[in-house]
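Let me begin by presenting the structure, written as structure tokens, before commenting on it.
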Amino acid sequence: MHLGKVMVVFGTRPEAIKMAPVVKELKKVEDIETRVVVTAQHREMLDQVLDLFHIVPDYDMNLMKHRQDLYSITTGVLNGMKDILIKEKPDLVLVHGDTSTTFAAALAAFYQMIPVGHVEAGLRTRNKYSPFPEEMNRALTGRLAELHFAPTDLARDNLLAESVPSFKIWVTGNTVIDALLDTVRPDYEFPPGLEAIDFNHRILLVTAHRRENWGNRMRDIFSALIELVEEFPDVEVAFPVHKNPIVHDLAQEMLGGRERFHLLEPLDYEPFAHLMSRSYMVLTDSGGLQEEAPSLGKPVLVLRDTTERPEAVDAGTVKLVGTVQEKIYNEARRLLINQDEYQRMAQAVNPYGDGKAARRIVKEIKEFLYVRIGSY
Ligand code: UD1
Ligand code: UDP
């Protein structure tokens with residue numbers, strides 16, 4: 001029985017990684033027509049993920065512009081989605097997380113009165129400017145959504161506290177764990193390009209890109225890294241630098257050419273995940289890394305003042321350290337010199353899922369479409 005058409009929309013690297021397992025599961029269901037739409041809010045960083053997971057989009061809005069701002073992405077997605085939605089008339093639009101693509105695509109679907117499913121629903125810091133604009137993007141998407149796929153119990157509780165009815169929420173785990181388990185394997189060998197890294201040394205894996213860290217906060221982060229590398233001769237920094245020129249230019253200015261600093265192009269997900277699994281610890285302001293690194297048993301120092309992912313903090317493998325240079329230096333130094341402290345944080349814990357999140361999501365989508373047919 002034909003159940004209907006599901007349109008999966010995403011635009012950035014992390015959304016693509018986390019939606020890839022859902023697309024794979026959806027495509028296994030013959031009774032569902034799946035359409036993949038990429039806004040291409042990111043270009044190269046998105047294409048890396050599409051290639052790895054063999055996803056060929058049905059629509060590519062090709063929106064990315066260098067140094068784009070929130071207005072241009074939001075209106076570009078909103079207008080671009082209008083034509084696609086009118087032509088395709090999907091029964092459900094699936095969005096992920098908290099980017100401008102997420103919110104604008106959900107709004108576009110709402111304007112056509114098409115129900116929205118929100119994957120990775122219910123994450124909250126309750127500080128509307130941190131992370132910015134993600135906290136508001138996901139809260140607004142939550143208001144628009146009909147189906148809420150919450151990764152954890154805590155995320156479900158956040159939605160219940162906002163009066164989302166419990167029968168519209170499913171705790172599924174986070175699809176990032178599906179993607180990670182699909183990718184990491186013991187016999188992996190790195191492709192050419194990472195030879196300069198000495199894996200006999202302790203590798204600090206660093207990523208940073210958040211808007212609220214642009215400028216002096218990022219300078220502080222980089223200064224702390226310089227202090228650490230100067231103090232510990234067996235420490236190297238591997239930093240795949242985000243394509244955003246604001247991040248890229250500052251990283252080059254402060255860290256370029258320094259001994260034991262490896263400023264890399266954004267890595268494909270496969271080498272990146274293995275680099276994470278072979279690192280000593282992770283310092284990051286990313287959201288996704290806070291979910292992946294704990295399952296690989298890597299301590300994470302989060303370079304932010306707030307986190308919407310407190311589960312691994314509670315489990316003891318993630319610590320929120322902020323962006324003050326001295327604090328970052330002290331916390332990282334402690335993990336470099338105190339092995340008891342390090343071992344306490346380096347436990348593999350997995351509060352974010354068991355690798356079956358996409359299956360659970362697709363099961364509920366089938367149920368939703370089935371009931372919908374019955375109600376016509
Ligand atoms: C976006 C999301 C953020 C998410 C992050 C993941 C918004 C507002 N921000 O932030 O929530 O955590 O992606 O990485 O939705 N660029 C390239 N090539 C690429 C990607 C980006 O050159 O493949 C450059 C472009 O100059 C672009 C700029 O980076 O204008 C910023 O991209 P944008 O998507 O606006 O913001 P991010 O900081 O990547
Ligand atoms: N990632 C990657 N290559 C890199 C850096 C990160 O594939 O060079 C992956 C990482 O494993 C995670 C995701 O990209 O799954 C995180 O993306 P990002 O930090 O851009 O966004 P956020 O998670 O903060 O939204």
Side-chain angles (χ1 to χ4, degrees), residues 10-21 38-53 62-74 76-77 95-105 120 123 131-138 141 174-180 182-184 193-194 205-214 218 238-249 262-277 279 282-293 295-296 298 300 302-304 307-309 352:
F10 51 89
T12 65
R13 170 174 67 191
E15 292 169 272
I17 292 169
K18 291 168 163 185
M19 278 302 215
V38 297
T39 64
Q41 173 178 337
H42 283 176
R43 190 66 277 172
E44 305 91 321
M45 287 162 60
L46 172 73
D47 292 342
Q48 288 178 312
V49 186
L50 297 177
D51 289 348
L52 174 67
F53 291 105
N62 199 22
L63 283 181
M64 196 197 86
K65 292 190 184 63
H66 281 292
R67 296 180 184 268
Q68 65 205 2
D69 65 19
L70 297 175
Y71 299 91
S72 73
I73 311 168
T74 307
V77 173
V95 295
H96 179 279
D98 55 22
T99 70
S100 294
T101 287
T102 314
F103 166 57
E120 199 181 83
L123 278 62
F132 173 83
E134 290 81 4
E135 176 69 7
M136 193 47 70
N137 281 342
R138 58 189 168 227
T141 305
N174 197 309
T175 55
V176 79
I177 306 297
D178 304 25
L180 190 70
D182 220 22
T183 305
V184 175
L194 301 176
L205 177 62
V206 174
T207 77
H209 69 82
R210 295 242 86 79
R211 256 160 213 275
E212 63 273 19
N213 283 346
W214 290 352
M218 209 163 276
F239 182 1
V241 183
H242 193 287
K243 282 269 181 203
N244 192 326
I246 293 168
V247 177
H248 187 268
D249 294 355
H262 306 278
L263 298 188
L264 309 166
E265 285 295 308
L267 291 171
D268 287 354
Y269 187 57
E270 210 175 21
F272 183 79
H274 288 88
L275 186 54
M276 188 160 41
S277 80
S279 68
V282 176
L283 293 96
T284 188
D285 65 8
S286 150
L289 265 73
Q290 296 176 52
E291 296 153 346
E292 294 164 326
S295 81
L296 297 171
K298 301 299 167 185
V300 184
V302 179
L303 309 169
R304 297 166 49 172
T307 183
E308 60 291 87
R309 295 166 166 92
Y352 297 109

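Numbering of ligands and ligand atoms starts at 1, following listing order.
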Q.
I'd like to check the side chain to side chain contact (heavy atoms under 4.5 Å, CB included) partners of A16; sequence neighbours left out, ordered by chain and number.
A. F10, L46, V49
Q) Are R43 and N62 linked by a side-chain donor-acceptor pair shorter than 3.5 Å? A) yes
Q.
If we count only N and O atoms by modelled type, under 3.5 Å, do the side chains of T141 and T102 hold a donor and an acceptor together?
A. no
Q: For the pair R210 and E134, evaluate salt bridge (Lys or Arg N to Asp or Glu O under 4.0 Å) and give the outcome as yes or no after the intermediate values.
A: CA-CA 10 Å; R210 295 242 86 79; E134 290 81 4; 3.0 Å; yes
(Q) Residues around ligand 1, heavy atom under 4.0 Å from any ligand atom, sorted by chain and number. Can you pull those? (A) T12, P14, Q41, H42, R43, E44, M45, M64, K65, H66, R67, Q68, L70, I73, T99, S100, P133, E134, H209, R210, R211, H242, K243, N244, P245
Q. Do H242 and H42 have ring centres separated by under 6.0 Å?
A. yes
Q) Listed by chain and number, what are the side chain to side chain contact (heavy atoms under 4.5 Å, CB included) partners of Q68, not counting sequence neighbours? A) Q41, M64, K65, S72, I73
Q.
I'd like to know if the side chain of T175 and the backbone of K18 have a donor-acceptor N/O pair within less than 3.5 Å.
A. yes
Q | P266 backbone acceptor or donor facing Q48 side chain under 3.5 Å | A | yes
Q. Hey, which residues fall under 4.0 Å of ligand 2 on heavy atoms?
A. R13, P14, I17, H209, R210, P240, P266, L267, Y269, F272, S286, G287, G288, L289, E292
Q) T99 and E15: side-chain donor and acceptor closer than 3.5 Å? A) yes
